[in-house]
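Both ligands and their constituent atoms are indexed starting at 1 by order of listing.
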Amino acid sequence: MGYVDLHLHTTASDGVMSPSEIVRYAKAKGLQAIAITDHDTIEGLEEGLSEGEKIGFEVIPGVEISAEHSPGSMHLLGFFIDNHHPFLNERLEYLQKARTERNPKIVEKLNRLGIKITYEEVLKASGGGQVGRPHFAQVLLEKKYVKNFQDAFDRFLKKGAPAYVDKFRFTAKEALHFINGAKGVGVLAHPNTLNMDGYSELEDLVLQLTEEGIKGIEVYYPEHSALKVAQYKTLAQRYGLLMTGGTDYHGIEKNGLDIGVGRGEMKLPYSIVEGLKAARNRSF
Ligand code: AMP
Ligand code: ZN
Ligand code: FE
Ligand code: FE
């Protein structure tokens with residue numbers, strides 16, 4: 001059995017490779033399967049799935065939804081979603097509309113800070129897909145307002161920074177409702193970004209999310225320390241949750257990170273995909 005990568009972004013959101021490019025790249029790297037999990041959009045799935053069929057490579061239709069959470073951020077992955085499901089599409093269109101309203105406000109804030117940036121430049125950086133903060137970071141970097149990608153977030157774009165604008169988010173319960181409605185398997189992404197105070201707070205949240213419909217935790221993730229991986233494994237085992245993993249490869253911001261392997265430490269067996277398939281079949 002080969003290896004898989006179940007967390008990847010394409011040009012449909014803020015990744016650098018188009019869906020067909022990432023599918024070909026994954027095959028060339030010798031992986032057995034990937035999931036395409038763009039932020040709040042499934043616009044890349046059609047292309048990714050058909051490229052997979054064309055070249056004989058397994059592509060799992062996925063999505064990554066930002067959910068309401070404080071003080072950190074909560075992302076929920078949906079695997080094996082039916083990307084034609086009307087309710088899912090309607091909910092994602094709503095999120096697109098919210099982003100369209102947010103993005104010009106970020107430009108305005110940057111302009112007020114004395115930065116000469118236009119929305120057209122950001123649109124161009126997005127390459128026609130959904131616009132996200134990494135595209136703003138890219139333009140800031142090109143125009144030499146920041147020294148690197150992370151600097152753009154730290155000084156301007158991250159939560160609490162002067163050009164940050166909040167965007168609408170569904171609650172986890174709502175997001176899991178439409179993921180499950182589209183026959184998807186819901187998974188809590190990279191729990192480290194939740195910024196929970198302690199283990200017992202995290203455990204309470206995982207329990208709540210399990211009741212609301214998650215079937216797994218993304219245990220294996222490049223930013224998870226060995227200690228975190230062990231903690232998340234324990235939680236997954238305690239609540240009967242699947243353990244998934246992925247690199248969250250975007251192709252831009254994280255130097256040295258590659259599809260499938262992360263920074264060299266990741267080896268995710270295909271059995272993870274079999275677990276997801278079994279979970280999906282149990283539910284429907
Ligand atoms: P958006 O979809 O516009 O909210 O942008 C979210 C994306 O921005 C994430 O997927 C990350 O790639 C990136 N991002 C968010 N916060 C940070 C941060 N503090 N540092 C670096 N990148 C970040
Ligand atoms: Zn992203
Ligand atoms: Fe994420
Ligand atoms: Fe991601």
Side-chain angles (χ1 to χ4, degrees), residues 5-17 19 22 35-44 62-79 92 95-107 109-110 119 122-123 125-127 129-141 146-170 172 175 179 186-195 214 217-224 244-255 257 259 262:
D5 191 334
L6 303 182
H7 191 151
L8 296 168
H9 294 273
T10 76
T11 46
S13 65
D14 50 5
V16 164
M17 289 188 195
I22 209 154
I36 293 177
T37 56
D38 279 305
H39 298 283
D40 302 335
T41 182
I42 52 177
E43 291 297 315
V63 67
E64 180 176 27
I65 310 284
S66 305
E68 231 174 64
H69 176 76
S70 178
S73 54
M74 184 192 289
H75 290 175
L76 295 163
L77 295 161
F79 295 110
L92 294 180
L95 289 177
Q96 298 310 313
K97 221 175 98 227
R99 272 179 191 270
T100 317
E101 283 162 16
R102 172 183 79 152
N103 291 326
K105 291 185 191 157
I106 301 180
V107 174
K109 280 197 164 181
L110 287 167
Y119 194 39
V122 182
L123 281 174
S126 77
Q130 168 178 269
V131 174
R133 281 177 289 161
H135 303 120
F136 288 85
Q138 204 177 312
V139 177
L140 290 173
L141 184 58
V146 293
K147 59 177 191 290
N148 55 44
F149 187 88
Q150 191 55 48
D151 193 34
F153 273 90
D154 292 342
R155 282 170 56 204
F156 300 110
L157 300 170
K158 73 177 184 192
K159 218 177 200 173
Y164 178 76
V165 181
D166 214 1
K167 67 170 185 277
F168 171 82
R169 289 176 178 83
F170 290 113
I179 288 172
V187 169
L188 173 63
H190 44 66
N192 64 321
T193 68
L194 295 166
N195 289 345
I214 58 163
I217 300 181
E218 187 176 45
V219 170
Y220 306 103
Y221 188 77
E223 317 305 329
H224 289 170
T244 74
T247 58
D248 208 357
Y249 179 74
H250 286 69
I252 24 171
E253 70 281 39
K254 294 161 186 159
N255 290 338
L257 188 122
I259 190 170

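- At least one N or O atom of Lys167 sits closer than 3.5 Å to an N or O atom of ligand 1.
- Side-chain contact between Ser66 and Lys167 is present, with at least one heavy-atom pair separated by less than 4.5 Å.
- Between the side chains of Glu218 and His7, at least one donor N or O sits under 3.5 Å from an acceptor N or O.
- For ligand 1, one of its N or O atoms has an N or O atom of Gln150 under 3.5 Å away.
- Between NE2 of His250 and OD2 of Asp14, the angle at the Zn ion (ligand 2) works out to 120°, rounded to 10 degrees.
- Taking 2.8 Å as the criterion, Glu64 does not count as a coordinating residue of the Zn ion (ligand 2), since none of its N, O or S atoms falls below it.
- Residues Gln130 and Glu43 bring no donor and acceptor atom of their side chains to less than 3.5 Å of each other.
- Residues Leu92 and Ile42 have side chains in contact (heavy-atom distance under 4.5 Å, counting atoms from C-beta outward).
- For His135, there are no ring pair (Phe, Tyr, Trp, His ring centres under 6.0 Å) partners, not counting sequence neighbours.
- Considering backbone and side-chain N/O of Lys158, none are found under 3.5 Å from N/O of ligand 1.
- In this comparison of Arg169, His135, Arg133, the heavy atom closest to atom 6 (C) of ligand 1 sits on Arg133.
- Contacts with ligand 1 closer than 4.0 Å are made by side-chain heavy atoms of Asp14 only, the backbone lying farther away.
- Close contacts of ligand 1 with Gly132, meaning ligand atoms under 4.0 Å from a residue heavy atom, involve 3 (O).
- Residue Arg102 approaches ligand 1 through these ligand atoms, each under 4.0 Å from one of its heavy atoms: 1 (P), 3 (O), 4 (O).
- At least one N/O/S atom of His39, from backbone or side chain, sits under 2.8 Å from the Zn ion (ligand 2).
- Side-chain contact between Asp40 and Arg99 is present, with at least one heavy-atom pair separated by less than 4.5 Å.
- Inspection of the environment of the Fe ion (ligand 3) yields the following protein N, O or S atoms under 2.8 Å: Glu64 OE2, His75 ND1, His190 NE2.
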Let me check something: any side-chain donor-acceptor pairs from residues 146-153 under 3.5 Å, sequence neighbours excluded? List them with distances.
residue, atom, partner, partner atom, Å
Asn148, OD1, Gln150, N, 3.2
Asn148, OD1, Asp151, N, 2.8
Gln150, NE2, Asp154, OD1, 3.1
Asp151, OD2, Lys147, N, 2.9
Asp151, OD2, Arg155, NH1, 3.1

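- Taking a cut-off of under 4.0 Å to the non-hydrogen atoms of His250, the atoms of ligand 1 that pass are 10 (O), 12 (O).
- With sequence neighbours left out, Phe168 forms a ring pair (Phe, Tyr, Trp, His ring centres under 6.0 Å) with Tyr94, Phe170.
- The nearest pair of heavy atoms linking Leu188 to Leu76 is CA-CD2, 4.0 Å.
- His224 and His190 share no donor-acceptor pair across their side chains, judged by distance under 3.5 Å alone.
- Of the listed options His9, Lys159, Arg99, Arg99 places a heavy atom closest to atom 2 (O) of ligand 1.
- Shown here for Pro71 and Asn195, the closest heavy-atom pair between the two residues is CG-O, 3.8 Å.
- Of the possible polar contacts, one joining the Asp38 side chain to the Thr10 backbone as a donor-acceptor pair under 3.5 Å is found.
- With Phe153, Phe149, Tyr164, Phe136 as candidates, the residue nearest to atom 8 (O) of ligand 1 on a non-hydrogen basis is Phe153.
- Using modelled atom types and a 3.5 Å distance limit, the side chains of Tyr249 and Asp5 yield no donor-acceptor pair.
- For Gln130, no heavy-atom contact with ligand 1 is shorter than 4.0 Å.
- Using a 4.0 angstrom heavy-atom cutoff, His75 does not count as in contact with ligand 1.
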